[in-house]
A.B. asks: 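Dropping a structure here in structure tokens format, bear with me for questions.
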Amino acid sequence: IAESKSVDSLKLTHVRDDEIAEPVFHDIIPVCESICSIDVSDNLCSSKGSNKKILTKQIFRTFSTLNLASCPFAVTYAPQIFSAISGIDFLNLSHNSFALEECEKLFKMVQDKKTTIRSIDLGHCKLTNPCIEALCALLAGELSLESLNLSHNQFDHNGIIAIKNAIAKADITKSNLTHFSLSYNKLNDEGAIYLAQLLGGLRLEKIEIEFCGIYKVGGLALARAISKSKSVKYVNVSMNPIGDISLIELVNSDVWEISAECIYLTDFGVKELSAALRENSSLRELKLSKNYFLTRESIKILREAQRLHGKLNLELDFESEQQHQY
């Protein structure tokens with residue numbers, strides 16, 4: 001591989017031997033200049049093995065993709081990797097556990113490189129509020145970032161406040177962020193309200209906030225902000241008990257796809273919701289699975305609204321006698 005001049009993508013996943021890490025990062029990648037995409041995810045090589053010389057050689061070029069998901073050694077050697085390359089377009093560090101000190105080193109290294117990263121995946125990294133604050137130093141200057149995944153972490157509304165302030169400091173009107181995932185974090189209503197304030201200046205197209213402990217107050221604030229933004233086309237608010245009014249507000253917006261599974265939708269809002277569905281010609285997909293409080297009559301009303309809409313894919317996976325026996 002090192003002698004090849006035509007290999008542009010290297011994928012070496014699910015390796016269980018420390019002996020692999022060193023030749024890949026120290027011998028192959030620096031020599032084979034045609035490689036621009038690297039996927040070494042799901043490798044259990046530790047940071048204590050023979051890979052101590054990892055990327056001691058300088059690689060002065062930009063990689064399109066660097067996938068280090070589920071790589072324990074990536075946590076220790078991420079700063080060295082960044083110091084050896086000139087830039088990355090798509091960076092995946094998900095499913096790695098980062099302590100605060102490691103976060104600070106990593107994000108400072110990325111910031112100092114002044115590289116134009118377009119996508120960062122930090123899902124399932126056990127990031128806490130202080131870790132998010134460390135990330136904010138990067139967000140304050142990284143205006144090229146288009147996609148940021150912070151789902152399945154351990155921060156709350158204070159993390160959202162820090163992100164909001166950092167992006168505002170960087171001149172929010174110049175932000176290129178279009179995809180923002182915050183699912184499975186304890187944002188609650190307070191975090192949702194701050195997020196709604198942040199949405200006012202962004203040009204987001206896709207936002208994911210599934211299972212974030214958001215109730216009616218936060219849900220309505222977010223729905224109104226999304227409705228005003230005009231840019232958001234995909235919303236996932238599933239597993240948040242935001243209720244009828246917030247969903248109706250979303251359906252009345254210009255959103256194309258809405259995932260609203262298990263949001264405590266009830267019969268009381270179905271007639272108004274069905275009327276909104278008939279009026280919104282831009283909506284293409286609405287997922288309402290696991291809203292078990294709906295009766296058969298409400299389901300019939302929604303199906304009729306779908307029929308009159310003509311182009312809507314409406315998911316209601318509970319239309320069986322067994323699921324309505326109570």
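Please read these numbers as outputs of a predicted model, since none were measured by experiment.
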A.B. asks: Under a 4.0 Å N-O cut-off, is there an ion pair linking Glu102 with Lys105?
C.D. replies: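 Lys105 and Glu102: not salt-bridged.
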
A.B. asks: Should Lys287 and Glu261 count as an ion pair when the cut-off is N to O under 4.0 Å?
C.D. replies: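 No, this pair does not count.
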
A.B. asks: Establish, from distance only, whether the side-chain atoms of Thr266 and Asp244 form a donor-acceptor pair under 3.5 Å.
C.D. replies: yes

A.B. asks: Are Leu314 and Ile299 in one and the same hydrophobic cluster, where Ile, Leu, Val, Met, Phe, Trp and Tyr link if side-chain heavy atoms are under 4.5 Å apart?
C.D. replies: yes

A.B. asks: Look at the rings of Phe293 and Tyr264 and say which category their plane angle falls in: under 30° parallel, 30 to 60° tilted, over 60° perpendicular.
C.D. replies: tilted

A.B. asks: Check this for me, if you would: do Asp254 and Lys230 make a salt bridge, where the nitrogen-to-carboxylate-oxygen distance has to be below 4.0 angstrom?
C.D. replies: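 Here Asp254 pairs with Lys230 in a salt bridge, since their nearest N and O are under 4.0 Å apart.
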
A.B. asks: Would you mind reporting whether Glu104 and Glu133 have side-chain heavy atoms less than 4.5 Å apart?
C.D. replies: no

A.B. asks: Verify the neighbour count for atom NZ of Lys206: are there more than 12 heavy atoms of other residues, nucleotides or ligands below 6.0 Å?
C.D. replies: yes

A.B. asks: Should Leu273 and Trp256 be regarded as members of a common hydrophobic cluster, given that ILVMFWY residues are connected when their side-chain heavy atoms come within less than 4.5 Å of each other, either directly or indirectly?
C.D. replies: no

A.B. asks: Where is the tightest heavy-atom contact between Ile263 and Met239, given as atom of each residue plus distance?
C.D. replies: CG2-N, 4.5 Å

A.B. asks: For the pair Leu294 and Asp267, evaluate side chain to side chain contact (heavy atoms under 4.5 Å, CB included) and give the outcome as yes or no after the intermediate values.
C.D. replies: CA-CA 6 Å; Leu294 296 181; Asp267 292 337; 3.8 Å; yes

A.B. asks: So, do Phe180 and Asn149 sit near enough that their side-chain heavy atoms are less than 4.5 Å apart?
C.D. replies: no

A.B. asks: If you measure from SG on Cys103 to CG on Leu122, what distance do you get to the nearest 0.5 Å?
C.D. replies: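 Here the interatomic distance stands at 7.5 Å.
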
A.B. asks: Determine, using the 4.5 Å side-chain heavy-atom cutoff (strictly less than), whether Leu182 and Leu127 are members of one ILVMFWY cluster.
C.D. replies: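 In one cluster with Leu182: Leu127, yes.
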
A.B. asks: What's the shortest heavy-atom distance between Ile242 and Lys216, and which atoms?
C.D. replies: O-CG, 3.5 Å

A.B. asks: Under 3.5 Å, side chain of Asn129 to main-chain N/O of Gly159, donor-acceptor pair present?
C.D. replies: yes

A.B. asks: Would you kindly say whether Asn313 and Glu285 are connected by a side-chain donor-acceptor distance under 3.5 Å?
C.D. replies: yes

A.B. asks: Could you grab the distance from atom NZ of Lys300 to atom OG1 of Thr295, nearest 0.5 Å is fine?
C.D. replies: 9.5 Å

A.B. asks: Do the ring planes of Tyr184 and Phe211 sit parallel (below 30°), tilted (30 to 60°) or perpendicular (above 60°)?
C.D. replies: tilted

A.B. asks: Can you name the nearest heavy-atom pair linking Leu177 to Leu202, along with the distance?
C.D. replies: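 Closest approach of Leu177 to Leu202: CD2-CD1, 4.4 Å.
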
A.B. asks: Assess the residue pair Leu222 and Leu195 against the criterion (side chain to side chain contact (heavy atoms under 4.5 Å, CB included)); give the C-alpha distance rounded to whole Å, side-chain angles, the decisive distance to 0.1 Å, and a yes or no.
C.D. replies: CA-CA 7 Å; Leu222 275 172; Leu195 181 59; 3.8 Å; yes

A.B. asks: Please check: side-chain N/O of Ser274 versus main-chain N/O of Val270, any donor-acceptor pairing under 3.5 Å?
C.D. replies: yes

A.B. asks: Could you report the tightest heavy-atom contact between Asn92 and Asn67, atom names first, then the distance?
C.D. replies: ND2-OD1, 3.4 Å

A.B. asks: How close do Arg203 and Asn176 get, counting heavy atoms only, and between which atoms?
C.D. replies: NH2-OD1, 3.9 Å

A.B. asks: Please walk me through it: do Glu146 and Arg118 pass salt bridge (charged side-chain N to carboxylate O under 4.0 Å, His left out)?
C.D. replies: CA-CA 5 Å; Glu146 298 173 7; Arg118 295 170 56 191; 3.5 Å; yes

A.B. asks: Scan Leu199, Thr178, Asn236 and name whichever one has a side-chain contact (heavy atoms from CB on, under 4.5 Å) with Ile207.
C.D. replies: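 It is Leu199, the one option of Leu199, Thr178, Asn236 that forms the side-chain contact (heavy atoms from CB on, under 4.5 Å) with Ile207.
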
A.B. asks: How many angstroms lie between atom CG of Leu150 and atom CG of Asn185, to the nearest 0.5 angstrom?
C.D. replies: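 Reported value, rounded in 0.5 Å steps: 7.5 Å.
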
A.B. asks: Please give me the minimum heavy-atom distance between Asp189 and Tyr215, naming the atom from each residue.
C.D. replies: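 Looking at all heavy atoms of both residues, the shortest contact is OD1-N, 2.7 Å.
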
A.B. asks: Checking Asp8 side chain against Cys36 main chain: does a donor-acceptor pair fall under 3.5 Å?
C.D. replies: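 Answer holds: no.
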
A.B. asks: Just wondering, are more than 12 heavy atoms of other shown residues or ligands nearer than 6.0 Å to OH in Tyr234?
C.D. replies: yes

A.B. asks: Just how far is it from atom CG of Asn291 to atom CG of Leu302, taken to the nearest 0.5 Å?
C.D. replies: 9.5 Å

A.B. asks: Does a side-chain heavy-atom distance below 4.5 Å link Leu247 with Leu288?
C.D. replies: yes

A.B. asks: Other residues, nucleotides and ligands only: do more than 12 of their heavy atoms fall within 6.0 Å of NZ on Lys233?
C.D. replies: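 Buried by this count: over 12 neighbours within 6.0 Å.
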
A.B. asks: For Leu93 and Leu106: C-alpha separation, side-chain torsions, deciding distance, then whether side chain to side chain contact (heavy atoms under 4.5 Å, CB included) applies.
C.D. replies: CA-CA 11 Å; Leu93 289 168; Leu106 171 62; 3.5 Å; yes

A.B. asks: Given the rule in the side chain to side chain contact (heavy atoms under 4.5 Å, CB included) test, do Asp39 and Thr65 qualify, once you have shown the distances and angles that lead to the verdict?
C.D. replies: CA-CA 8 Å; Asp39 183 352; Thr65 302; over 6 Å; no

A.B. asks: Hey, what do you get for CG (Leu277) to CZ (Arg307), rounding to the nearest 0.5 Å?
C.D. replies: 13.5 Å

A.B. asks: Can you confirm whether Glu279 is buried at CD, in the sense that more than 12 heavy atoms of other residues, nucleotides or ligands lie under 6.0 Å from that atom?
C.D. replies: no

A.B. asks: For Leu312, does the CG atom have more than 12 heavy-atom neighbours from other residues, nucleotides or ligands under 6.0 Å away?
C.D. replies: yes

A.B. asks: Going from CG on Leu220 to CG on Leu250, what distance comes out if it is rounded to the nearest 0.5 angstrom?
C.D. replies: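 The CG atom of Leu220 sits 9.5 Å away from the CG atom of Leu250.
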
A.B. asks: Spell out, as yes or no, whether a donor-acceptor pair under 3.5 Å connects the side chain of Asn240 to the backbone of Gly219.
C.D. replies: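 No; zero donor-acceptor contacts below 3.5 Å.
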
